[in-house]
Amino acid sequence: GGCGSQTRTVSVSGSPVVTRSTPAPSSATSSTSSAATTSTPTSAATAPASEAGGTTAPSGTTRSAPEPAFTHQENSAAGLSQALSVLQARGYTADDTSQYHPNQTLRVLVGTKSGSGEGYDQQAFFFVGERYIGTDSKEASASVSVLAQGDTEVTLGYALYRSGDPLSNPSGGQATVRFQLDDGQLQALDAIPPAGSSAGLSRR
C-alpha cells in the first residue's frame, strides 16, 4: 500500500451468513384471524328452533289449566249428597235424583214421605246452590212432578183431585205452577192449588 494508507484487506473463510426475515402476515390472513377472534357464537335463545334443538316457547303467554272433570263430579256428588240428607232429616226420600241439577243456581228435589204407604205424600224441596231454602208448600201434595227447570226457575205439576177421587186416579187434570228465585227468595208465579177441598179441585 501507499504511504500512510489505513486500508486493510480482510479475508473471510466459509460461506457468508444469510439473514432471513419473516414476511408480515397478509391483510387477508389478518382480517380472517381478527374475525375468528371477535365473532360471538349464536345463543340457543336467539337461534332458530331447528338450530336450538327445540321449539321456542311464546313469550308473554299465561296458560291456566281447567278444573279436572273428576273434581267437578266430586263437587256435584257432594251437593246431591247434602240435599238428600236434608230430605232424610225431614222424613222424605228423593224420588228421582236426576232432577237435581248442580250446575243451576236454583235446584230442586221431589221427595216422598217415608212410610206413606202408596207414596201419595210428596213435596218439592228447593236449594240455592247447596243451601236449603224450603219446600213448595207447607202441606204435602198427593203427587208433584218437575215439568221444567232453568237456572233460576222451576215449573212443577200438581195432580188435581175432585171430591171422592181415589189417590190413584185424579180426575181434575194438572195444575202448572212456576217458582222463581227473586233476590234470594223463592216466589210462586202462579196460584198453588189448595191442599184439600170438598167442592173444588185440590192437590189431594
Side-chain angles (χ1 to χ4, degrees), residues 64 66-204:
S64 58
E67 182 182 19
F70 68 83
T71 304
H72 177 71
Q73 292 171 358
E74 288 178 354
N75 292 339
S76 300
L80 175 59
S81 177
Q82 185 173 337
L84 293 174
S85 297
V86 170
L87 269 68
Q88 184 177 8
R90 287 158 177 77
Y92 282 78
T93 302
D95 298 328
D96 183 3
T97 57
S98 66
Q99 295 171 342
Y100 185 88
H101 293 179
N103 59 317
Q104 295 178 177
T105 303
L106 181 62
R107 309 170 189 179
V108 64
L109 269 178
V110 173
T112 300
K113 191 171 183 61
S114 303
S116 63
E118 297 179 347
Y120 295 101
D121 198 348
Q122 300 182 343
Q123 277 190 308
F125 293 78
F126 288 95
F127 304 83
V128 173
E130 296 180 6
R131 179 172 59 89
Y132 170 64
I133 60 172
T135 58
D136 58 325
S137 61
K138 292 182 179 180
E139 298 179 79
S141 306
S143 177
V144 184
S145 58
V146 178
L147 302 180
Q149 57 179 311
D151 186 56
T152 58
E153 186 172 311
V154 172
T155 302
L156 299 181
Y158 296 91
L160 296 178
Y161 294 83
R162 290 186 172 91
S163 179
D165 283 349
L167 290 175
S168 59
N169 189 25
S171 62
Q174 180 178 254
T176 300
V177 181
R178 295 166 298 158
F179 292 85
Q180 188 178 75
L181 191 63
D182 183 13
D183 196 23
Q185 300 295 320
L186 189 65
Q187 303 289 339
L189 302 182
D190 307 289
I192 301 175
S197 174
S198 58
L201 299 175
S202 65
R203 292 182 280 120
R204 56 179 309 131

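Computed from a predicted model, the values in this text were never measured in an experiment.
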Q: May I ask you to test the L156-D136 pair for a side-chain heavy-atom distance under 4.5 Å?
A: yes
Q) Which pairs with one or both residues in residues 174-189 pass salt bridge (Lys or Arg N to Asp or Glu O under 4.0 Å), sequence neighbours excluded? A) R178-D190
(Q) To check you understand the geometry: which heavy-atom pair defines the closest contact between A83 and L109, and what is its length? (A) CB-CD1, 3.8 Å
Q: Could you check whether the rings of F125 and Y132 sit parallel, tilted or perpendicular, using 30° and 60° as the cut-offs?
A: tilted
Q. Which pair of heavy atoms, one from T105 and one from T152, lies closest together, and at what distance?
A. CB-CG2, 4.3 Å
Q: Answer yes or no: is there a donor N or O on one side and an acceptor on the other, between the side chain of Q122 and the main chain of T112, under 3.5 Å?
A: no
Q | Contact summary for V177 and A191, nearest pair of heavy atoms | A | CG2-O, 3.5 Å
Q.
Measuring only between side-chain heavy atoms, which start at C-beta, is F179 closer than 4.5 Å to T155?
A. no
**Q.** Sequence-distant partners of R131, side chain to side chain donor-acceptor pair (under 3.5 Å), two or more places apart
**A.** none
Q. If you round to the nearest 0.5 Å, how far is OG1 of T93 from CG of L84?
A. 9.0 Å
Q. Between OH of Y100 and CG of L87, what distance do you get to the nearest 0.5 Å?
A. 11.0 Å
Q. Is the shortest heavy-atom distance from the side chain of N103 to the side chain of D151 under 4.5 Å?
A. no
Q.
With salt bridge (Lys or Arg N to Asp or Glu O under 4.0 Å) as the rule and sequence neighbours excluded, what pairs involving residues 117-126 come up?
A. D121-R204
Q.
Rounded at 0.5 Å granularity, tell me how far CG in D95 sits from OG in S145.
A. 10.5 Å
Q) Quick one: do the Y158 and R203 side chains pair a donor with an acceptor below 3.5 Å? A) no
**Q.** F126 vs V154 side-chain heavy atoms within contact, under 4.5 Å
**A.** yes
Q.
Which residue in the set S202, P170, S197, P193 passes side chain to side chain contact (heavy atoms under 4.5 Å, CB included) when paired with L160?
A. P193
Q: Please examine the side chains of R162 and L201, heavy atoms only from C-beta on, and report whether any two atoms are closer than 4.5 Å.
A: yes
Q) Judged by atom type as modelled, is there a donor-acceptor pair below 3.5 Å linking the side chain of N169 to the main-chain atoms of P166? A) no
Q) Any side-chain heavy-atom pair from V144 and Q123 closer than 4.5 angstrom? A) no
Q | Derivation and outcome, side-chain hydrogen bond (donor to acceptor under 3.5 Å, both in side chains), residues Q187 and Q180 | A | CA-CA 5 Å; Q187 303 289 339; Q180 188 178 75; over 6 Å; no
Q | Heavy-atom pair of closest approach, residues R90 and K113 | A | O-NZ, 4.4 Å
Q) In Å, rounded to the nearest 0.5 Å, how long is the span from OH of Y92 to OG of S114? A) 9.0 Å
Q. If only atom types and distance count, is the side chain of S137 paired as donor or acceptor with the main-chain N or O of E139 below 3.5 Å?
A. yes
Q) So how far is it from S168 OG to Y120 OH, rounded to the nearest 0.5 Å? A) 5.0 Å
Q: Could you check if a side-chain atom of R107 sits within less than 4.5 angstrom of a side-chain atom of E130, using non-hydrogen atoms only?
A: yes
